[in-house]
There are 2 protein chains.
Amino acid sequence: MAQRNKLKFIILGLLSEKELTGYDITKAFDSDIGEFWSANHSQIYPLLKRLEDDQLISHRLTITGEKLEKKVYSITDQGAKELNQWIGEPTPALSATKDEFILKLYFIRKNNDPRLAPMLTEQLNLHKNKLIHLQQQMEKKFHNQSDKNNFGHFLILQHAIQRENGYTNWLIETIQGLKSK
Amino acid sequence: MAQRNKLKFIILGLLSEKELTGYDITKAFDSDIGEFWSANHSQIYPLLKRLEDDQLISHRLTITGEKLEKKVYSITDQGAKELNQWIGEPTPALSATKDEFILKLYFIRKNNDPRLAPMLTEQLNLHKNKLIHLQQQMEKKFHNQSDKNNFGHFLILQHAIQRENGYTNWLIETIQGLKSK
DNA sequence: TTTATACATGTATTTATTTACATGTTTTAT
DNA sequence: ATAAAACATGTAAATAAATACATGTATAAA
């Protein structure tokens, strides 16, 4: 599904906290943001250029070592304005969660299909690992009390943990249900 | 995120149950399949043509009324083979769940941001309605005992209900948490 | 010291997806 | 009878996103 330019707002959002290079932004999708969005550097670099043309961000050059040039991007007032406008807008659409495993499951008609157990077990492993990873993130970033300056991040981590917990429980119960037949 | 041709398998999967027109397939995304995937007719019609070129499906013409032509598509043996191969393959990737609301939440830093309560309430309404809709679907399609010939569909409905239940509970608790401050 | 890995930034190509354009028929409600 | 809604099938254009191509630097490990 071609999203309506959410990536633009992700970049603005990341830059609203601190200045970053294109590489930093790319890396963000391997950690935090990666829990709920994905993007490649080949999409990010051209978009940075476009956002700068639109005066939503600007950059300055720095040199690392002898000659490695970095473009460090910052958000402009106009960029911050657009970001906050987007956040404040209603979010009425509940987009379909495109989960390939669920899709495959839909086309399995019989409860004695021999592929069911291995499929469910594979997913259980994946979601268990994801849950562990999320719990570690939570521990690492919000150990005892919640960081007052990243409340949204705390909430989405909490939500993701809750979701993966539910997912694994459903998988476990479904696997149990298969065995008792 | 441009998916790796999942739509192809959705079409094959739908046709593996019964023959359908392009219009029928388009409609499927408004109901069942729509819970976890989306597609427009402008994507479906050209793909039907391509799948027929690849001999995974075939069609016959029928006339409704005086002259309304319909192309009724069926899956071929080769198509069924590819479908089952896909279902049997591992599904190792856990794709990011692209949820615009969660994205916005991530960029809210302060727990006293005035936008939080209305945002959470809006989502609570959406997810409550979705939950009700899913429960109605479950009641309608699998009333007393589960249909033995649509076990996968039963499972994904169960999973979706579980997920929306968790989502609404999390929203309710988060809204409660905001008030007690 | 050399090698692997991470840092850093781009472009090109292909594919996926959305929105809009375009046309006509049949059925149902008024 | 007529109008609205649903049925039915396409194409065009724009945007989003993935994969592959392309190049070079800095740092950490062996």
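Proteins come first, then strands; the chains are lettered A, B, ... in the order of their sequence lines, and each starts at number 1.
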Applied to residues 43-56 of chain A, the side chain to side chain donor-acceptor pair (under 3.5 Å) test, sequence neighbours excluded, yields A:E52-A:H59
From C-beta outward on [X], which listed nucleotide comes closest to its side chain: [options]?
X	options	answer
B:Y45	D:dC7, D:dT9, C:dG10	D:dT9
A:S38	D:dA18, D:dA26, C:dT17	D:dA18
A:K71	C:dA20, D:dT19, C:dG10	C:dG10

Taking only N and O in the side chain of [X], is any of them less than 4.0 Å away from OP1 or OP2 of [N]?
X	N	answer
B:K49	D:dT11	yes
B:T21	D:dT9	yes
A:K98	C:dT17	yes
B:Y23	D:dC7	yes

Is it true that a side-chain atom of A:E69 and a backbone atom of A:L61 form a donor plus acceptor pair closer than 3.5 Å? no
Upstream residue (5' side of DNA chain C) when B:H41 and B:R50 are each assigned their closest nucleotide: B:R50
Nearest-angstrom distance from the residue atom [atom1] of [X] to [atom2] of [N]:
X	N	atom1	atom2	value
B:N5	C:dT14	CG	P	16 Å
A:K67	D:dT25	NZ	C1'	8 Å
A:K6	C:dT18	NZ	P	11 Å
B:L48	D:dT11	CG	C1'	15 Å
A:I44	D:dT19	CD1	P	14 Å
A:Q43	D:dA17	CD	P	5 Å
A:I25	C:dC7	CD1	C1'	15 Å
B:R60	D:dA8	CZ	P	13 Å

Mind checking if A:S42 touches a base, just sugar-phosphate, or nothing, with heavy atoms under 4.0 Å? base
With nearest nucleotides of DNA chain D determined for A:N40 and A:G65 from heavy-atom distances, which residue corresponds to the more 5′ nucleotide? A:N40
Out of the candidates A:Q137, A:H153, A:H133, only one should pair with A:E35 under the side chain to side chain donor-acceptor pair (under 3.5 Å) rule; please name it. A:H133
Validation row, ring centre B:F107 to ring centre A:F9 under 6.0 Å: no
Test side-chain contact (heavy atoms from CB on, under 4.5 Å) applied to A:L126 and A:Q123, A:K130, A:K128, the passing residue: A:Q123
